[in-house]
Amino acid sequence: MDVTKQYAIAWKGLKNGTYRFDFKVDNALFEAYGSTDIKDGDLSVGVTLERGESMLSLQTVIRGTVTVACDRCLEDCRLPVAFDGTLLVRFSDEVADYDGEVMWISPAEGEVSLAQYIYESIVLSLPYQRVHPEGECNPEMLERFRIVSDSELAAVEARAGAQEHDGGEWAKLAALKERMEAQEPQEEDRTPEK
C-alpha cells in the first residue's frame with residue numbers, strides 16, 4: 001500500500017462548509033520520500049478544511065517531534081515540530097504546478113493528497129542547526145570533535161618547528177631527495193640507432 005494515500009482527503013462528496021481531519025505521521029512518510037535527514041517522527045496533523053464552490057482552504061497544524069542526527073555530536077536528537085499553515089486547493093482543468101501555497105487539481109479528481117505538503121512543512125519547519133540542548137550532547141563525541149584553541153595550535157606549531165630545526169622527518173626527506181637527484185645520470189642527446 002502506498003503510504004502517501006493515507007494523507008488524502010476525499011472532498012468530492014462534501015457540501016460547502018467546514019470539516020476537520022486528523023492524521024498521524026511516523027517514519028513511514030519520511031521513508032516514502034527518501035528522507036536521509038529525518039530518522040523517525042511522531043507527529044499529529046490537524047486539518048480544518050473549508051469547502052467552497054471553486055476551492056478548498058486547508059488550515060494545517062502540525063505538532064510533535066522528529067529524530068535527526070545532532071550536528072554537534074552526531075547522536076540521535078529529538079526536535080520539536082510546530083507548524084501552522086494554510087494551503088489553498090483550486091479547481092481548474094488546466095492544472096498548474098504546486099508551489100507550496102497553492103495546489104491546482106482537476107475538478108474530476110475526487111480527493112486531494114496532502115502527503116507532499118505535510119512532508120515539506122515538517123522538513124521546512126526544522127531549525128537550520130539541529131543540536132541537543134546545551135549539556136545533553138554525548139561528551140565522548142564532543143571530545144573527539146573538540147576544536148583546538150589558539151594556544152594549543154601555537155604549541156603544536158612550535159613543536160613542529162622545533163622538529164624541523166632538529167632534523168625532523170621533513171628535513172630527512174629533503175636530504176634524501178637531494179641525494180637521489182645528485183645520483184641521477186644526466187640525459188644526453190642521443191639519436192636512435194638504426
Tyr7 side chain to Lys24 main-chain N or O, any donor-acceptor pair under 3.5 Å? yes
Let me confirm one number: the CG-CG distance from Leu14 to Leu49, rounded to the nearest 0.5 Å. 6.5 Å
Ionic contact status for Asp84 with Arg63, cut-off 4.0 Å: yes
Atom pair CG (Leu43) and CD1 (Ile122), whose distance is rounded to the nearest 0.5 Å: 4.5 Å
Distance (rounded to the nearest 0.5 Å) between Leu58 CG and Tyr19 OH: 13.0 Å
Main chain of Tyr119, side chain of Tyr33: is a donor-acceptor contact present, judged purely on distance under 3.5 Å? no
Would you say the side-chain atoms of Arg51 pair up with the backbone N or O of Lys15, donor to acceptor, closer than 3.5 Å? no
Less than 4.0 angstrom from a charged side-chain N to a carboxylate O is my criterion; do Glu134 and Arg72 meet it? yes
To the nearest 0.5 angstrom, please state how far the CD atom of Glu120 sits from the OG atom of Ser125. 12.0 Å
Does the pair Arg130/Asp37 count as a salt bridge with the N-to-O cut at 4.0 Å? yes
Aromatic centroids of Phe21 and Trp11 separated by under 6.0 Å: no
Test your reading of the model: is there a side-chain donor-acceptor pair from Ser121 to the backbone of Tyr117, 3.5 Å cut-off? yes
State whether the side chain of His132 and the backbone N or O of Cys73 hold a donor-acceptor pair below 3.5 Å, judged by distance alone. no
Could you walk me through whether Thr86 and Gln59 pass the side-chain hydrogen bond (donor to acceptor under 3.5 Å, both in side chains) test, one step at a time? CA-CA 5 Å; Thr86 302; Gln59 302 295 324; 2.8 Å; yes
